[in-house]
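To start, the structure under review is shown below, and the notes come after it.
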Amino acid sequence: MTTSPLIYPFTDLPPAGQRFKVAEGVFWLRFPLPFALDHINLWLLEDNHGWVIVDTGLGVRRSREIWQQLLAEQLDGKPVTRVIVTHYHPDHLGMAGWLQQQCDVPVIMSRGEWQLATSICNASDAQTIERFKGFLGSHGLQGEDLAKVAGKGNGFRRVVMPLPERPEFVGEGDMLTINGERWQVYIGRGHAPEHLCLYRSTDRVLLSGDQVLPTISSNLMVRPTEPDANPVTAFVDSLTVIRDALPEDTLVLPAHGLPFRGLRTRINVLLDHHAEQLDQVQAACRDQPHSAHDVLPVMFKRTLDVQQMMFAMGESIAHLNCLLEQGRVQREDRDGIWHFAA
Ligand SMILES: [Zn+2]
């Protein structure tokens, strides 16, 4: 398969605590993350006499320190007017409640993201451990690996508190007016239930969050509270809508990696990637029945740390659920572990 390469118009990274202009009224902020994925991009949008913040960083002390510096030094003395959260993951949502309290502003997100964030936060450590143990165990993760992956309790709650209060909900097709210009909401699915992407057609700028990333494919994970979910089909379908609606030369501002042009090219690569993974997983299940745990080396060639193991299991179950829904595999309970055969 040949694809034209993406174009990266900005290759100098903004230092933590400083803004960098990437489009009219749109500024790039880069925050560190204490993971293998070591940063997140957030965005500052000029809004008449103030600023809109898009995504907020992981809810940890380092993010708070950077925000304190930014609020003091990088906003030209103008107030924050709104905070927009693309989706519920803690590197995006984590500081939203703190920013809301500091700046006394509304938080805008989708209803689906809010509901999932709330329900995850409401689970105790013990409930979370029990759910993940039962779920990942039934998909073949056993012994020490299961104890490590499931045994961390409710890690989510520790890096998003406080949740924002009374968010304002927006959904597919809604328009947000920022600085007198219209940004259209596109909803991405699969990586998160109702992920907000915002598109300004006047100069073709897309705030894509984690829905479209330039160099990595977004994690698609099945969660224990919805064990039969099929996020792969949801991801593919919602990306296809975005690909067919928006032009190739859109300036894509992703949450990880560099801003780029080549939206349709990138989405086609992502769609091909998942089609290929589905084919490989199905082929493995044709040789002999596989659990989601058995499928890991088929999908992931690298060794996985504890956090990556959780994402990898979620992703493996996601692809098996997709094949199951498409009728390409059957599922059978063997001694309490789901096995999939093609
Ligand atoms: Zn995410």
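Every heavy atom of this structure was used, including side-chain atoms; hydrogens, water molecules and symmetry mates were not. All values reported here derive from a predicted model rather than from experimental measurement. We count ligands from 1, going down the list as the structure has it; atoms in each ligand are counted the same way.
- Under 3.5 Å, the side chains of Thr128 and Asp125 contain no donor-acceptor pair of N or O atoms.
- Legend: salt bridge (Lys or Arg N to Asp or Glu O under 4.0 Å) pairs involving residues 11-25, not counting sequence neighbours, sorted by first then second residue: Arg19-Asp76, Lys21-Glu24.
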Inset, instruction - Verify salt bridge (charged side-chain N to carboxylate O under 4.0 Å, His left out) between Asp279 and Arg328, making sure each step is shown before the conclusion. - result: CA-CA 10 Å; Asp279 287 346; Arg328 293 166 63 182; 2.8 Å; yes
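- Counting only protein N, O or S atoms closer than 2.8 Å to the Zn ion (ligand 1) gives 4.
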Legend entry - Verdict with reasoning, His256 to Asp210, per side chain to side chain donor-acceptor pair (under 3.5 Å): CA-CA 7 Å; His256 308 283; Asp210 280 355; 3.1 Å; yes
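- Below 30°, between 30° and 60°, or above 60°: for Phe31 and Trp67 the angle between ring planes is between 30° and 60°, a tilted geometry.
- Under the 6.0 Å cut-off for aromatic ring centres, His92 and Tyr88 do not qualify, their centroids lying 6.0 Å or more apart.
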